[in-house]
Number of protein chains: 2
Amino acid sequence: MAASPHADEAVAIAVSTVIFALRQDDGIGAANGDPTIWLPLVRRIREPFDGSWALPGGPLDAHESLADAARRSLAETTGLAPRYLEQLYAFGDVDRSPGGRVVSIVYWALVDSAEARRALVGQNVRWFPADRLPRLAFDHNEIVAYALGRLRTKVEYSDMARALLGETFTLTELRSVHEAILQRRLDPANFRRQVDAHGQLEATGEMRRTGAHRPARLYRYAAAPAPAPAAPPSSPTSSSPTKETTR
Amino acid sequence: MAASPHADEAVAIAVSTVIFALRQDDGIGAANGDPTIWLPLVRRIREPFDGSWALPGGPLDAHESLADAARRSLAETTGLAPRYLEQLYAFGDVDRSPGGRVVSIVYWALVDSAEARRALVGQNVRWFPADRLPRLAFDHNEIVAYALGRLRTKVEYSDMARALLGETFTLTELRSVHEAILQRRLDPANFRRQVDAHGQLEATGEMRRTGAHRPARLYRYAAAPAPAPAAPPSSPTSSSPTKETTR
DNA sequence: GCAAAAGTGTTCCGACTACACCCATGA
DNA sequence: TCATGGGTGTAGTCGGAACACTTTTGC
């Protein structure tokens, strides 16, 4: 049944997700300590762009919200359940998809390293370092670049980096997350003061010992995560924009 | 191309715009100097919400970009051509539109006062003060509240306020725009230093004399507007997200 | 003891704030 | 000359950046 008088004039809606995780290794096998940003892509198995790598996603089901569609397609294609999920942008240029007009509502997401290892990697799903991507299907290279920009600006003023870590962590681990995203070194002393000035961290009392040096205190987040993709008073469970997620 | 096996499961796309302007008067007729934020709404002439006020908008045409659809529907319903236009958010809750699933890609826009006076006000188009809206159709009250939040956070770090003013203006006029949006008084001395620290203003050499006091210098913006809804390197004319429009 | 990372202290600087003060005009 | 807004000067405060220094471990 056609959605408009002219069947070929219908506009399809798709929901895709740029999902980030940190990995220690460099892809060749050397775990050199400094984590870098990786993301999972799925190989397309039909035209257009058959064989190309693309963002996980799929059509919007009539009975699910946009965020639910993002979570579902993510689970179906990669097996991943993100800790953080936020709408990025709606991409709707007329010519962005050869062979049919598609508006893509794109989300971006974060998973911690443990969850990332759980991904269903295989013939058609693979992790790529965010700064060394192949030529992707559609306008997905641009979309990833935009998502990376958002990740980098948002890590500086929100607590969203916590979604990339486990329950407890050292300040050096938290700092290395920020360093991986911002791609520059941060002063350990100043970083420490900045994070505990926000008063969201509490020491667990435990220590983590690694290497030939003083052990580090372990911390956890005391406060709930900043209401990132939470809702304005109205609809608490479904998808609504944050008070101000974007600057 | 059928959108889905069941016609009633198709998801429609609409594009709507929250468009802001400043007005001196208070709606009753008293021009008391302090401008306030107003926005135009259109009266719905069919179900659902027949008779209710709603954001200007309409369906997405298959051959136009999202931003073009926003501009077109704005021109058709209100006659307005905004100076500033940027994507706000895609609203897609399942139950937001009784009688059919609709995903609304919402833009927000600014017009200057001269353009605002040009609007086709009539039986079915009227301006409302942004903080005293009636109950609107759909989730449009929430959408306006979200857009107001974005306006208020963005005015503090971008030059987007210029879209609400004419070619030349005094610093007091520019400051009163900020005050109207932020709903608080700003120190004239500090405001002056902040704006010219950004180095975007240049004095025209002209003066504006109003009232029984020292005339004020007129300024204009020297630099091009910050690339608000401009494009990452690729597509210069069409709709792409800004480098970082959202915080 | 020595290297290395954890953690503390201190200084400098730039941005924002508050507010005192002078300037130019119309009435 | 007085009221009013235009415009300048200046001292206080706050947060970030830089970096010296101490602590605690493994070897």
Side-chain angles (χ1 to χ4, degrees), chain A residues 24 31-35 152-159 161 165 168-220 247, chain B residues 24 31-35 152-159 161 165 168-220 247:
Chain A
Q24 300 285 345
N32 60 345
D34 291 352
R152 295 201 165 108
T153 62
K154 189 149 188 177
V155 75
E156 300 208 74
Y157 65 89
S158 87
D159 63 350
L165 289 169
T168 64
F169 47 86
T170 66
L171 284 184
T172 298
E173 290 169 343
L174 179 58
R175 176 167 50 85
S176 79
V177 169
H178 283 247
E179 289 176 340
I181 293 171
L182 296 174
Q183 296 184 295
R184 62 187 165 88
R185 292 288 170 195
L186 300 175
D187 184 302
N190 296 330
F191 182 82
R192 167 180 302 273
R193 274 182 292 257
Q194 282 173 27
V195 297
D196 73 25
H198 280 129
Q200 298 200 92
L201 292 191
E202 72 183 12
T204 65
E206 320 260 304
M207 304 289 251
R208 173 164 296 165
R209 39 188 2 115
T210 62
H213 55 80
R214 179 173 172 175
R217 280 198 269 266
L218 281 173
Y219 293 85
R220 77 164 62 86
R247 199 177 262 171
Chain B
Q24 301 284 345
N32 60 345
D34 290 350
R152 295 203 165 106
T153 61
K154 188 150 187 176
V155 75
E156 299 207 75
Y157 65 90
S158 87
D159 63 350
L165 289 169
T168 64
F169 46 87
T170 67
L171 284 185
T172 298
E173 290 169 343
L174 180 58
R175 176 166 50 86
S176 80
V177 170
H178 284 247
E179 290 176 340
I181 293 171
L182 296 175
Q183 295 184 295
R184 60 186 167 91
R185 293 289 170 192
L186 301 175
D187 185 301
N190 297 330
F191 182 80
R192 167 179 303 275
R193 275 181 291 258
Q194 283 174 25
V195 297
D196 73 27
H198 281 130
Q200 296 199 94
L201 292 190
E202 72 182 11
T204 65
E206 321 259 305
M207 304 289 252
R208 173 164 296 166
R209 39 188 2 116
T210 63
H213 54 79
R214 178 173 173 175
R217 281 198 269 265
L218 282 173
Y219 293 85
R220 76 165 62 86
R247 202 181 263 169

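Protein chains get the first letters and strands the later ones, always in sequence-line order, with residue 1 at the start of each.
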> Please state how far atom CG in D187(A) lies from atom P in dC12(C), giving the value in whole angstrom units.
17 Å
> Could you tell me how far apart R175(B) (CZ) and dG6(D) (C1') are, to the nearest whole angstrom?
9 Å
> How close or far is atom P of dA17(D) from atom CZ of R185(A), stated in whole angstroms?
16 Å
> Please report, rounded to the nearest Å, how far the P atom of dG6(D) is from the CZ atom of F191(B).
12 Å
> Looking at OG1 of T170(B) and CZ of R217(B), how far apart are the two atoms once the value is rounded to the nearest 0.5 Å?
11.5 Å
> Rounded off to whole Å, could you give me the CG-to-P distance for the D196(B) and dT8(D) pair?
8 Å
> Is DNA chain D part of any stem, that is, at least 3 consecutive Watson-Crick or G-U pairs with both distances under 3.5 Å, and where?
C:1-27 with D:1-27
> In Å, rounded to the nearest 0.5 Å, how long is the span from CZ of R184(B) to CZ of R152(B)?
11.0 Å
> Salt bridge or not for D34(B) and R185(B), using N-O below 4.0 Å?
yes
> Consider the side chain of R192(A), meaning its heavy atoms from C-beta on, and name the nucleotide among dG7(C), dT24(D), dC19(D) that approaches it most closely.
dG7(C)
> Could you check H178(B) against L174(B) for side-chain contact (heavy atoms from CB on, under 4.5 Å), going step by step and ending with a plain yes or no?
CA-CA 7 Å; H178(B) 284 247; L174(B) 180 58; 4.0 Å; yes
> Between atom CG of D159(B) and atom NZ of K154(B), what is the distance when rounded to the nearest 0.5 Å?
9.0 Å
> Out of T168(B), L171(B), L165(B), which residue meets the side-chain contact (heavy atoms from CB on, under 4.5 Å) rule with Y219(B)?
L171(B)
> Rounded off to whole Å, could you give me the CZ-to-P distance for the R209(A) and dA6(C) pair?
13 Å
> Check the phosphate of dA6(C) against T172(A), side-chain N and O only, distance under 4.0 Å to OP1 or OP2. Yes or no?
yes
> Rounded to whole angstrom units, what separation is found between the CZ atom of R193(B) and the C1' atom of dT17(C)?
9 Å
> How do H213(A) and N190(A) order along DNA chain C: which one's closest nucleotide is nearer the 5' end?
H213(A)
> R214(B) side chain N/O closer than 4.0 Å to the phosphate oxygens (OP1, OP2) of dG26(C)?
no
> If you find the nucleotide of DNA chain D closest to R184(A) and the one closest to M207(A), which residue's nucleotide is nearer the 5' end?
R184(A)
> Whole-Å distance between dG7(C) P and R217(A) CZ?
5 Å
> Q194(B) side chain: which of dT8(D), dT17(C), dA6(C) is closest?
dT17(C)
> Given that A197(A) and A212(A) both sit by DNA chain D, which one's nearest nucleotide is further toward the 5' end?
A197(A)
> Which heavy atom in P35(B) sits nearest to a heavy atom in A180(B), and how many Å separate them?
O-CB, 3.2 Å
